[in-house]
Amino acid sequence: MNRLYYGDNLDRLSDHRAFPDASVDLVYLDPPFNSNATYSQLFKSPDGKTADSQIEAFEDTWQWGVSAEAAYDRVLHGDNTDVAQLLQAMRGFLHDNAMMAYLAMMAARLVELHRVLKDTGSLYLHCDPTASHYLKLLLDGVFGPDCFLNELVWKRTSSHSSAKRFGPVHDVILFYGKTAAYRWNAVFETYDERYVDRFYRGRDDRGRFRIGDLTGAGVRTGPSGAAWRGYDPTVAGRHWAIPTAAIVRAGINGEFERMTPQQKLDRLDALGLIHWPVNGKVPAFKRYLDADRGVAVQDVITDIGPVSSQAKERLGYPTQKPLALLERIVAASSNPGDVVLDPFCGCGTAVHAAEKLGRQWIGIDVTYLSIALIEKRLRDAFPAIAFDTAGLPKSLGDAEELARRDKHEFQKWIVTWIGGRPWKGGQKGADGGIDGLIFFTGLDPKTEKATHEKAIISVKGGQAKGVGWVSELIETIGREKAALGILLTAVLPTREMEARAAAAGFYESGLHGKVPRIQILTLAELFQGKRPVVPNVNPAMFKAAPKEAAAQGGLDL
């Protein structure tokens, strides 16, 4: 089941063979916000300086156009008349602008996500306050208002300066169940130190403990109202009410349930779990800190901070969410073996959490850069992991089709495929003759010190321009002070191109032999296994994710 899909999530979700009705247990989605911002990934060169390789991972500026109109029409002619009426009303109010385009395209996807959810399933939509109120209306239309469960507030940063308003420091996560039978596992967070110091004042050989009641309000007849060791709860208007859940967590065996209250109290006392006060009046239960689950998680999340610049899990992805946040969601709304789906999987935090907690998972993303990052992240964190990736070019024909459909995604795919780093991969317009970079180590012949070198990648499609492509690349590596130039073409190079490339000579240093300064490779040669010759290549483009332990099957609840 574990699978990554490269492509538009609406196209993927519309495939009923790949995504049958009621086939998913949990959906988490963190779609690009309609904040008129362009998120970028900044990579550093091997010498620690910020490189010019600014990657446009995706643009979340939505515009009304053919795609938005098609999504709107799809919803209007779908089976859910409630969401269709809502979308019509929103368009009448908002008109044809960026926000309306965002909502139309989200509505079409939410309808499909509702379809694939099981009756016991849940959906979490992560967004910011600029669109959360509109998205909640859409979710009410798709799921029904009665299926709304929570509006979670996550404090994503400690402070944010705003001149004429309160600082915006939180995100919103909207939580809906498919039906009233949605799956729920109680999740707890650990007590803070001040709480522990205040309430867990007792201490013995087992550790710190607090005092808990063994009685409840009200008089009872029968064994629960009878006296035990000189204490009669009836006198105080109470009865024996032994905390069963806490007893189970203390590790007492199943025979405990068949005992009378007095037998249970004898057993607890024999195990040292009853506290006798100095005055000898009211016995109490010892609730040990190590056995307590903590405080039930609330709908305002302040105990999980953002992924800091120094965090080990940080991969350089601009909107990366903390793994602990996704682990909490996955643990609360799924069981081991369940299927978790993230249709906007970005850098893969949701699928990482699912794998870590023993769930099956599916991730979808429209950018190859994200798919490449997730593949590396999962293999770094889980060396023995098994999954497959669908939608990537697996043949020459697939690659040519991707080039025709989206040349920018094609460039990012082919650059990353040969081990390079895309450069301004999602940015339309002039690229200065650079589509990607490969960093490697050289040696200064004068000082005999290691140097940081780079090879420039240029991707060309369509009909061969001839020797001009090679001349442009030679000019570019000279301007950028690069050591090598790699020209990737969809067509065979001409003899003039090969001659001009050969005339550029060789690069060499004391660490390796001669390497052609200009290398030309065709798409067909790449599928035959040929690769550029670049010596002493530096590590991969993405930071390595920390290695995880074997699948845990769940949090310690």
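Checked for salt-bridge contact, R328 and D303 meet the test: a charged N lies under 4.0 Å from a carboxylate O. Under the 4.0 Å criterion applied to side-chain N and carboxylate O atoms, R115 and E112 are assigned as salt-bridge partners. Ion pairing between a basic and an acidic side chain is recognised when a charged N comes within 4.0 Å of a carboxylate O; K547 and D380 show no such pairing.
In this structure, a donor-acceptor pair under 3.5 Å is absent between the side chains of R421 and T416. Under 3.5 Å, the side chains of E548 and H352 contain a donor-acceptor pair of N or O atoms. Using modelled atom types and a 3.5 Å distance limit, the side chains of Y176 and D140 yield a donor-acceptor pair.
Here the closest heavy-atom approach between residue I457 and residue G420 is recorded as CD1-CA, 4.1 Å.
With W413 contributing its side chain and T367 its backbone, the two residues share no donor-acceptor pair below 3.5 Å. Using modelled atom types, no side-chain atom of R12 and backbone atom of D8 make a donor-acceptor pair closer than 3.5 Å. Proximity of a side-chain donor or acceptor of N185 to a complementary backbone N or O of S334 within less than 3.5 Å is detected. Remark: the backbone N or O of F387 is not paired with any side-chain donor or acceptor of R3 at under 3.5 angstrom. Between the side chain of E327 and the backbone N or O of A353, no donor-acceptor pair lies under 3.5 Å. D365 places no side-chain N or O within donor-acceptor distance of the main-chain N or O of S370, the cut-off being under 3.5 Å. Without hydrogens or angle criteria, R359 side chain to L357 main chain gives a donor-acceptor distance under 3.5 Å. Although no hydrogens or angles enter the test, the distance criterion places a donor-acceptor pair under 3.5 Å between the side chain of E409 and the main chain of Y368. Here the side chain of N97 pairs a donor or acceptor atom with the backbone of L94 at under 3.5 angstrom. No donor-acceptor distance shorter than 3.5 angstrom exists from the side chain of S333 to the backbone of V330, with no hydrogens or angles considered.
Sorted by first and then second residue, the pairs that involve residues 175-189 and meet salt bridge (charged side-chain N to carboxylate O under 4.0 Å, His left out), not counting sequence neighbours, are D25-R183, R183-D338. Applying the side-chain hydrogen bond (donor to acceptor under 3.5 Å, both in side chains) rule to pairs touching residues 75-86 yields D73-H77, sequence neighbours excluded. Within the structure, the salt bridge (charged side-chain N to carboxylate O under 4.0 Å, His left out) test picks out the following pairs touching residues 142-166 (sequence neighbours left out): R156-D171.
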### Query
Under the ring-ring contact (aromatic ring centres under 6.0 Å, His included) criterion, do F19 and Y5 qualify, and how do the steps go?
CA-CA 12 Å; F19 290 90; Y5 285 97; 5.4 Å; yes
### Query
Can you check side chain to side chain contact (heavy atoms under 4.5 Å, CB included) on C147 and T179, steps first, answer last?
CA-CA 6 Å; C147 290; T179 68; 5.8 Å; no
### Message
Applying side chain to side chain contact (heavy atoms under 4.5 Å, CB included) to K321 and V307, what does each step give before you reach the verdict?
### Response
CA-CA 7 Å; K321 301 303 184 293; V307 182; 5.9 Å; no
### Query
Can you check side chain to side chain contact (heavy atoms under 4.5 Å, CB included) on L117 and L26, steps first, answer last?
CA-CA 7 Å; L117 268 178; L26 171 63; 5.8 Å; no
### Query
Does the pair R74 and E69 meet the rule for a salt bridge (charged side-chain N to carboxylate O under 4.0 Å, His left out), with working shown?
CA-CA 9 Å; R74 178 186 178 124; E69 191 69 58; over 6 Å; no
### Task
Evaluate side chain to side chain contact (heavy atoms under 4.5 Å, CB included) for I173 paired with N150, printing each intermediate quantity in order.
CA-CA 8 Å; I173 304 174; N150 280 112; over 6 Å; no
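Atom CG of residue L125 and atom CG of residue L174 lie 6.0 Å apart, to the nearest 0.5 angstrom. Between atom CZ of residue F175 and atom CH2 of residue W184 there is a gap of 5.5 Å, rounded to the nearest 0.5 Å. Residue L523 holds its CG atom at 5.0 Å from CG of L396, rounded to the nearest 0.5 Å. A distance of 12.5 Å separates CG of N9 from CD1 of I362, quoted to the nearest 0.5 Å. Here L4 contributes atom CG and C345 contributes atom SG; the two are 6.0 Å apart, rounded to the nearest 0.5 Å.
Partners of E375 by salt bridge (Lys or Arg N to Asp or Glu O under 4.0 Å), not counting sequence neighbours: none found. Residues satisfying the side-chain hydrogen bond (donor to acceptor under 3.5 Å, both in side chains) criterion with W361, sequence neighbours excluded, are E355. A search for salt bridge (Lys or Arg N to Asp or Glu O under 4.0 Å) contacts involving K530 returns E525, not counting sequence neighbours.
Taking the side chain as every heavy atom from C-beta outward, N2 and V351 never approach each other to under 4.5 Å. Using a 4.5 Å cut-off on side-chain heavy atoms (C-beta onward), F410 and R404 make no contact.
Ring centers of Y28 and Y124: at least 6.0 Å apart, outside the cut-off.
In this structure, K356 fails the cation-pi test against F382, since its NZ or CZ atom is not both closer than 6.0 Å to the six-membered ring centre and inside 45 degrees of the ring normal.
In this structure, W64 and Y72 have perpendicular ring planes: the angle between them is above 60°, well past the 30° mark.
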